[in-house]
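One structure below.
These figures come from a predicted structure and were not determined experimentally. Just so it is clear, the values below take in all heavy atoms, side chains as well, and ignore hydrogens, waters and symmetry mates.
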Amino acid sequence: MKITKLLIWTFAISLNTVFAQENSVIENTQNIEGTSLVLPQIQVVPIKDTETARNYELYIELPEDYSENENKTYPVLYYTDAMWHLEMLSGSTEFMLEDVILVGISWQKDITEDLKQQYGAHASRFTDYSFWKKANPNHPKLKFGQAKNHLAFIRNEVIEYVNNNYRTDPDIRSYFGYSLSGAFGAYILLTQPDTFDNYILGSPLNKGLIPYLSEINTKLGASESNENNPLHANVYIAYGTLEKEKDEPIDEFIKLLDSRKNLEVSIQRKVIEGDHGTAFPMVAVQSVAWLSSLMSHVSSYSNELSFWSIPHLNKAFVTTTPEDRTDGVSVDTLSVNRNDRNSILNLSEEIFDGKHGNYDAVLISHKNKLVFESYYKKGRINLPHGQASAVKGYTSLVLGRAIQMGYLSMEDLHKPLISFLKDVDPKKVAKGAKKITLHKALTMHGGLTIDRDQWKEFEKDSVRLKGQGLVQTLLEQSGPITHESQTYLYGNFNPMLVMTVIDAVVPGTAENFIKTELLDKLGITNYKWSTHISGLPQAGWRASIISRDMLKLGNLVLNKGKLNGEQLISTEYLAKATSGIVKPTQDWMPKDYRCGYFWYQTLVKIDDKSYDTTFAWGGGGQRIIVIEELDLTIVISGHDREDKIMTQISEIIIPAFVKQ
């Protein structure tokens, strides 16, 4: 196996530079005695690997406030190649991750003199970090393949020592490695992923290492069981733009991770300007910023970050006294009896542990005040979360706003939908097209019958589908609209039929109307609302808002469409929209659910009484739940396929407020 020569060369150049500078100083300051710079915040602790009898040092840097609060615990960032990485990581964390203990692990201190002469003080990195045992004839003195032993030393002695002697947070442990120590980090992640919660792997792999990792992975995968609870790790992989040879092996490594049954990883992959050496500083800085983002429920990332790139929080954020963020959300303290409070807090722990699926936030508002706020996994207080089909419910509110402003009436809900669309040619539409009303579309009874494969071809023609051209094309391609075809069918273009009418009747555009007449009035500014191929706003999905803003929409429904004394949504419309008008027929929906105008309704039974519950609902677990009788609004966001959380909400959270 070839040893990476670049870092040896870089280190040699560094030493030559130091020697040259040192000689220059001596020549010019022969009468001046110099002293070594001592960094008082860094403790140097000798430590021996008891299994191999090798000696190392730990370079431990504590946060500035470490001595001020004896009850505070701190996350730990461990890093190898300590002498090379100490200054960069110390500087980066100083400004972006203040509350962290840094632990640098040195190279072996007592290496033989011949190894030191041939390879330098860092000779042990080639043996300690290597997970291949193949001998290299060019380096007969190096005994490769010691990664397993070195990992055992880190797990059993280094981490144990740090935990026993410092106030560490056991839930937040991270690793940083670059180049060969990055490859060592990849080995740790693959073999014993629970060693750390977060892995920063800088320029970690080349093509020659993948066969070794693949062989290791095959052996580990064979012993895995689907029954075990999966481990989770956040992974940051970065390398230079000039390291094109890294693309393929890193692709292969990610595939290995994905193949593991009992390992879930959230991966952020970055390609940073530079080569193997010059990319390093930015890898260090940007990875520390990434690390800070998973230690806090308040994200420092911009809104451009992909949801799937957001790392999982290392620790749930749960509060019964939410912060007033001057965002239009009133706050108070959770006031339920002690047993119910403990049950809600225990549920929060279970949600974070994944016992009920993958959920990102749970918020509770009582009497229009936020009294409980929690974030898990990918949840952040200031990052918009995808809403999936809950957007249908928001589209319904937009229509209710148009009715309140007089652009439509309640009677208009039962008129032919095409009567509002002046650009649609009624002579070219399917027979029975006039049977489609807003009421029918809002209750998923539009009755369109479209060949899906054929429609995929039409979707390529954005010019034809622009604006009301969408409805024109749908009605031209549909079979006859009949009583038999107008049965409940989830989706089926119904939301976009409604959005097209909104766009046709309001002044300006639907996009501007949504912003100025609903979102702006609620103080919702941090959101994304995608555009449909027709050029209109999406009506059934592909919008994102933050959890606190979901709460505002829920409280608007709770208050019967009134906001700060202004009737924002038609009361009559909202009552209809949130009632159980029709029974959904999809087998994946609970039997007791009914549907109004894109809002769902069910009864939740507590003891001997049932409570009318209405909610917007989106795949993955997006819910805005409103129970008027209890003055209660509950918000949930998640990315869970099975979406089972309503059981816990009904059995634990809602009963706590029945007793109020």
Side-chain angles (χ1 to χ4, degrees), residues 303 384 386-410 412-413 415-426 429 436-439 441-442 446 458-475 491 493-546 549-550 552-553 556 561 563 566-570 573-574 577 597-598 616:
N303 290 345
Q387 298 297 292
S389 286
V391 176
K392 294 178 175 67
Y394 311 157
T395 298
S396 180
L397 295 181
V398 176
L399 183 66
R401 177 60 178 156
I403 291 174
Q404 177 62 29
M405 295 183 73
Y407 299 121
L408 288 166
S409 67
M410 290 298 291
D412 288 335
L413 297 178
K415 293 178 182 178
L417 185 141
I418 59 174
S419 66
F420 303 102
L421 306 178
K422 305 307 180 185
D423 294 338
V424 171
D425 185 352
V429 299
I436 304 177
T437 62
L438 280 169
H439 173 82
L442 287 163
F458 284 105
E459 286 183 317
K460 298 175 183 178
D461 190 350
S462 59
V463 175
R464 177 173 180 171
L465 300 182
K466 186 173 179 61
Q468 294 179 27
L470 169 68
V471 178
Q472 180 76 61
T473 306
L474 285 170
L475 292 177
F493 305 104
N494 289 297
M496 285 310 301
L497 294 178
V498 175
M499 184 61 75
T500 307
V501 173
I502 294 172
D503 187 71
V505 301
V506 301
T509 64
E511 179 182 6
N512 187 62
F513 187 80
I514 291 169
K515 179 182 184 300
T516 59
E517 293 299 333
L518 183 64
L519 302 183
D520 283 355
K521 288 184 178 294
L522 289 167
I524 298 176
T525 58
N526 186 5
Y527 69 93
K528 299 176 185 177
W529 200 305
S530 298
T531 302
H532 186 265
I533 190 173
S534 63
L536 304 178
Q538 287 279 3
W541 64 331
R542 292 187 175 174
S544 303
I545 60 174
I546 65 175
D549 288 339
M550 293 171 70
K552 294 176 185 178
L553 292 166
L556 182 62
L563 176 70
E566 177 187 359
Q567 194 65 47
L568 208 61
I569 310 296
S570 162
Y573 173 83
L574 195 56
Y597 289 163
F598 296 158

Please check if the side chain of Gln567 supplies one atom and the backbone of Ile569 the other of a donor-acceptor pair under 3.5 Å. yes
If we ignore hydrogens and angles and just use 3.5 Å, is the side chain of Trp529 paired with the main-chain N or O of Ser544 as donor and acceptor? no
Is Asp423 reaching over with its side chain to a backbone N or O of Gln468, donor-acceptor style, under 3.5 angstrom? no
Would you name the heavy atoms of Ala539 and Pro495 that are closest together and state the gap between them? CB-O, 3.2 Å
Flag the pair Asp412 / Thr437 as yes when at least one side-chain heavy-atom distance between them is below 4.5 Å, and no otherwise. no
If every non-hydrogen atom of Ile533 is compared with every non-hydrogen atom of Ser462, which pair is closest and at what distance? CG1-CB, 4.0 Å
Close side-chain approach of Phe513 to Arg401, heavy-atom, < 4.5 Å: yes
Provide the closest heavy-atom pair for Ser570 versus Gln404 in the form atom of the first, atom of the second, distance. CA-OE1, 3.3 Å
Report yes or no: does Arg464 contribute a side-chain atom to a donor-acceptor pair with the main-chain N or O of Thr473 at less than 3.5 Å? no
Kindly determine whether Phe420 and Leu408 satisfy side-chain contact (heavy atoms from CB on, under 4.5 Å), including the steps that lead there. CA-CA 10 Å; Phe420 303 102; Leu408 288 166; 3.6 Å; yes
As an exercise, state the distance from OH of Tyr527 to CG of Leu522, rounded to the nearest 0.5 Å. 11.5 Å
Interatomic spacing from NZ in Lys415 to NE2 in His439 - rounded to 0.5 Å: 15.5 Å
Say you draw a straight line from NZ of Lys521 to OG1 of Thr516; how long is it, rounded to the nearest 0.5 Å? 7.5 Å
Any donor-acceptor N or O pair under 3.5 Å, side chains Thr395, Lys392: no
To the nearest 0.5 Å, atom CZ of Phe598 lies from atom CG of Asn494 at 6.0 Å
Any idea which heavy atoms bring Leu413 and Tyr573 closest together, and the distance? CD1-CD1, 4.2 Å
Chi angles and distances behind the side-chain contact (heavy atoms from CB on, under 4.5 Å) call for Leu497, Leu474: CA-CA 10 Å; Leu497 294 178; Leu474 285 170; 4.2 Å; yes
Close side-chain approach of Leu417 and Thr500, heavy atoms under 4.5 Å: no
Once you round to the nearest 0.5 Å, how far does CG of Leu568 lie from CG of Leu397? 9.0 Å
Does Met499 form a side-chain contact (heavy atoms from CB on, under 4.5 Å) with Ile514? I'd like the steps, not just the answer. CA-CA 11 Å; Met499 184 61 75; Ile514 291 169; 3.9 Å; yes
Measuring only between side-chain heavy atoms, which start at C-beta, is Leu536 closer than 4.5 Å to Met496? yes
Please walk me through it: do Gln472 and Val429 pass side-chain contact (heavy atoms from CB on, under 4.5 Å)? CA-CA 7 Å; Gln472 180 76 61; Val429 299; 4.1 Å; yes
When you measure from the side chain of Ser389 to the backbone of Trp541, do you find a donor-acceptor pair of N or O atoms at a distance under 3.5 Å? no
Check for a donor-acceptor pair, side chain of Glu517 on one end and backbone N or O of Ala402 on the other, with a separation under 3.5 Å. no
Compute whether any side-chain donor of one residue and acceptor of the other, for His532 and Ser534, lie under 3.5 angstrom apart. yes
Would a 4.5 Å heavy-atom cut-off, applied to side chains only, mark Leu438 and Val498 as touching? yes
Looking only at heavy atoms, what is the nearest atom pair of Val391 and Gly540, with distance? CB-C, 3.9 Å
According to salt bridge (charged side-chain N to carboxylate O under 4.0 Å, His left out), who are the partners of Lys422, at least two apart in sequence or on a separate chain? none
With a 4.5 Å limit on heavy-atom distance, are the side chains of Ser409 and Ile403 in contact? no
Thr509 backbone acceptor or donor facing Asn512 side chain under 3.5 Å: no
With side chains defined as the heavy atoms from C-beta onward, is the minimum distance between Ile545 and Leu553 less than 4.5 Å? yes
Grab the two heavy atoms, one from Pro384 and one from Ile546, that are nearest each other, plus how far apart they are. N-CG2, 3.5 Å
Does a donor on one side chain and an acceptor on the other come within less than 3.5 Å for Gln387 and Tyr394? yes
With Leu475, the side chain to side chain contact (heavy atoms under 4.5 Å, CB included) member among Leu421, Ile436, Asp425: Ile436
First locate atom CE of Met550, then atom CD1 of Ile524, and finally report the distance between them rounded to the nearest 0.5 Å. 10.5 Å
Is it true that a side-chain atom of Lys552 and a backbone atom of Gly523 form a donor plus acceptor pair closer than 3.5 Å? yes
